[in-house]
Amino acid sequence: MSRRAVLAGIATGAGAAAAGAAVWPLAAAIVDPLLDDTSPQDAPWVEVAGEKELRLDVPLKATVRVAVRDGFFTTLVELGAVWLQKRPDGKITALSNTCPHLGCGIGLDPKGGFACPCHDSRFAIDGSYVNGPSPRSMDPLPVRVEQGRVLVQALRFATGTKVRRPI
Ligand code: FES
């Protein structure tokens with residue numbers, strides 16, 4: 001093999017390596033989200049109240065906080081709030097207080113049920129849509145009770161859509 005052919009081979013290899021190094025971050029940025037296997041079902045279960053705090057058919061607002069570890073410190077970060085209710089059959093339900101319209105906090109309506117103060121969407125006591133610009137009913141969250149503590153899964157949903165889509 002001639003000296004010229006060897007040098008040309010080295011130059012070609014170096015060029016290919018340089019091109020690969022330049023393109024890889026871009027390719028990784030495009031492909032990585034597609035390989036991300038986290039899903040809404042992986043949302044954390046968060047303890048929000050004691051079962052004994054709930055009174056029959058009286059909605060209780062509970063804050064959803066998760067512990068976030070940063071180096072040596074653990075900080076509680078507030079994700080939002082839920083409305084818990086205990087039904088006559090003993091079942092406990094949770095409704096996200098995030099309005100499906102644009103995300104304001106939903107409160108109790110003095111006339112009954114729930115109301116959003118931002119654009120006056122109204123919901124029945126079971127969270128079903130009554131009227132206003134909200135595109136859907138309030139978002140229910142999975143609930144479970146463990147050793148007298150009520151836990152909800154901290155799911156979040158897209159706002160402004162008729163279809164309930166976890167994000
Ligand atoms: S954000 Fe609730 S009605 Fe608009």
Side-chain angles (χ1 to χ4, degrees), residues 26 28-71 73-167:
L26 176 63
I30 293 169
V31 171
D32 200 42
L34 301 176
L35 300 177
D36 185 357
D37 62 356
T38 58
S39 75
Q41 302 315 316
D42 297 325
W45 284 87
V46 181
E47 183 181 317
V48 291
E51 189 177 11
K52 289 185 177 163
E53 294 174 59
L54 297 173
R55 297 203 337 257
L56 201 61
D57 283 336
V58 180
L60 174 75
K61 187 178 177 185
T63 305
V64 179
R65 292 186 185 93
V66 291
V68 176
R69 192 167 170 92
D70 182 15
F73 302 101
T74 300
T75 313
L76 283 179
V77 176
E78 197 170 310
L79 294 183
V82 292
W83 286 102
L84 300 172
Q85 293 182 71
K86 187 171 193 172
R87 301 286 181 193
D89 63 2
K91 186 177 174 203
I92 295 173
T93 61
L95 296 167
S96 169
N97 94 319
T98 302
C99 181
H101 180 221
L102 293 175
C104 289
I106 296 171
L108 283 176
D109 185 346
K111 298 176 198 155
F114 297 96
C116 179
C118 289
H119 311 100
D120 207 26
S121 284
R122 291 176 189 274
F123 308 90
I125 198 68
D126 66 355
S128 58
Y129 172 84
V130 174
N131 61 32
S134 178
R136 61 176 189 264
S137 300
M138 292 170 73
D139 297 317
L141 298 177
V143 182
R144 70 180 186 219
V145 178
E146 287 179 3
Q147 297 172 343
R149 305 302 298 171
V150 180
L151 292 87
V152 299
Q153 193 175 22
L155 291 172
R156 296 184 311 132
F157 301 92
T159 57
T161 60
K162 196 164 184 58
V163 175
R164 184 170 292 123
R165 186 167 51 82
I167 53 175

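FYI, the numbering just counts along the sequence from 1. Counting convention: from 1, in listed order, for ligands and their atoms alike.
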Self-check item: Polar side-chain atom of Glu47 near backbone of Arg65 as donor-acceptor pair, under 3.5 Å
Solution: no
Quiz item: Would you say the side-chain atoms of Gln153 pair up with the backbone N or O of Ala43, donor to acceptor, closer than 3.5 Å?
Solution: yes
Quiz item: What pairs with Ser121 under side chain to side chain contact (heavy atoms under 4.5 Å, CB included), at least two apart in sequence or on another chain?
Solution: Cys116, Phe123, Pro133, Ser134
Quiz item: So does Arg122 pair up with Asp109, basic N to acidic O under 4.0 Å?
Solution: yes
Practice problem: Using the six-membered ring wherever Trp is involved, compare the ring planes of His101 and His119 and label them parallel, tilted or perpendicular (cut-offs 30° and 60°). | Solution: perpendicular
Quiz item: What protein atoms of element N, O or S are positioned under 2.8 Å from atom 4 (Fe) of ligand 1?
Solution: His101 ND1, His119 ND1
Quiz prompt | Audit row: Phe157, Leu141, side chain to side chain contact (heavy atoms under 4.5 Å, CB included) steps and yes/no | solution = CA-CA 10 Å; Phe157 301 92; Leu141 298 177; 3.8 Å; yes
